[in-house]
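Please read all numbers here as calculations on a predicted model, not as lab measurements. Along the sequence shown, the residues carry numbers beginning at 1.
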Amino acid sequence: QVQLVESGGGMVQPGGSLRLSCAVSGLTLSNYAMGWFRQAPGKEREFVATITWGGLTYYAASVKGRFTISRDVGKKTVYLQMNSLKPEGTAVYFCTADRTRVNGPGPRDYWGQGTQVTVSS
């Protein structure tokens, strides 16, 4: 059974930082492109970042330069380091896994349940 379990969300002030974690089980991490989406209230899910099995990374223009996606294959964990957070970053952040899709919006094979990030003073 595949499980993607996000953690690390919370409330942070604008300009602050958070690191999200995604614990992966039930699949071989190195065979999947791992990523993050987010969904703000009243808005559609949007693509945030992906790291491929080969370590290539892709970012949405809105987060490029501020967010960093990484993985630890041994720990079966994917991370999203978020710096210089903005109020518009307030959303539920979802971890994803996919065998073929590596960039941009659209479906993914597996989704986590999400973790809430709130950027507010």
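- More than 12 non-hydrogen atoms from other residues, nucleotides or ligands lie less than 6.0 angstrom from CD of Q81.
- For the pair L29/V78, a side-chain contact is recorded, criterion being any heavy-atom separation below 4.5 Å from C-beta on.
- Between M11 and S120, the closest side-chain pair of non-hydrogen atoms falls below 4.5 Å.
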message: For V48 and L80: C-alpha separation, side-chain torsions, deciding distance, then whether side-chain contact (heavy atoms from CB on, under 4.5 Å) applies.
response: CA-CA 10 Å; V48 176; L80 184 68; 4.2 Å; yes
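- Hydrophobic clustering (side-chain heavy atoms under 4.5 Å, transitive across Ile, Leu, Val, Met, Phe, Trp, Tyr) keeps F67 apart from F47.
- Using a 4.5 Å heavy-atom cutoff, the side chains of Y110 and T96 are not in contact.
- W111 has its ring centre less than 6.0 Å from the ring centre of F37.
- Shortest non-hydrogen contact noted between Y58 and N103 is CB-OD1, 3.4 Å.
- For the pair T52 (side chain) and G54 (backbone), a donor-acceptor distance under 3.5 Å is present.
- Qualifying salt bridge (Lys or Arg N to Asp or Glu O under 4.0 Å) partners for D109, counting only residues two or more places apart in sequence or in other chains: R101.
- If you chain together hydrophobic residues whose side chains sit under 4.5 Å apart, Y79 and Y32 never meet in one group.
- Nearest heavy atom pair, residue T50 against residue A33, reads CG2-CB, 3.9 Å.
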N/O donor to acceptor pairs below 3.5 angstrom from side-chain atoms of residues 18-26, sequence neighbours left out:
none

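- G9 and V117 get closest at one heavy-atom pair: CA-CG2, 4.2 Å.
- Residue T77 comes nearest to K75 through the heavy atom pair OG1-O, 2.9 Å, listed as atom of the first residue, atom of the second, then distance.
- The shortest distance between side-chain heavy atoms of L56 and I51 does not fall below 4.5 Å.
- Between the side chain of K43 and the backbone N or O of R38 there is no donor-acceptor pair closer than 3.5 Å.
- A donor-acceptor contact shorter than 3.5 Å is absent between the side chain of S62 and the backbone of A60.
- No side-chain donor-acceptor contact under 3.5 Å links R108 to the backbone of C95.
- Inter-residue side-chain proximity for L4 and M34 is flagged as met; some heavy-atom pair is nearer than 4.5 Å.
- Within the 4.5 Å cutoff, side-chain heavy atoms of V102 are placed close to those of W53.
- Minimum heavy-atom separation, S84 to R66: O-NH1, 2.9 Å.
- Screening residues 23-82 for disulfide bond (SG atoms under 2.5 Å apart), with sequence neighbours left out, gives no hits.
- Between the side chain of S121 and the backbone N or O of Q13 there is no donor-acceptor pair closer than 3.5 Å.
- With hydrogens and angles ignored, the 3.5 Å screen pairs a side-chain donor or acceptor of Y59 with a backbone N or O of I69.
- When all heavy atoms of T90 and Q116 are compared, the closest pair comes out as CG2-NE2, 4.0 Å.
- At least one side-chain heavy atom of F94 sits under 4.5 Å from a side-chain heavy atom of E6.
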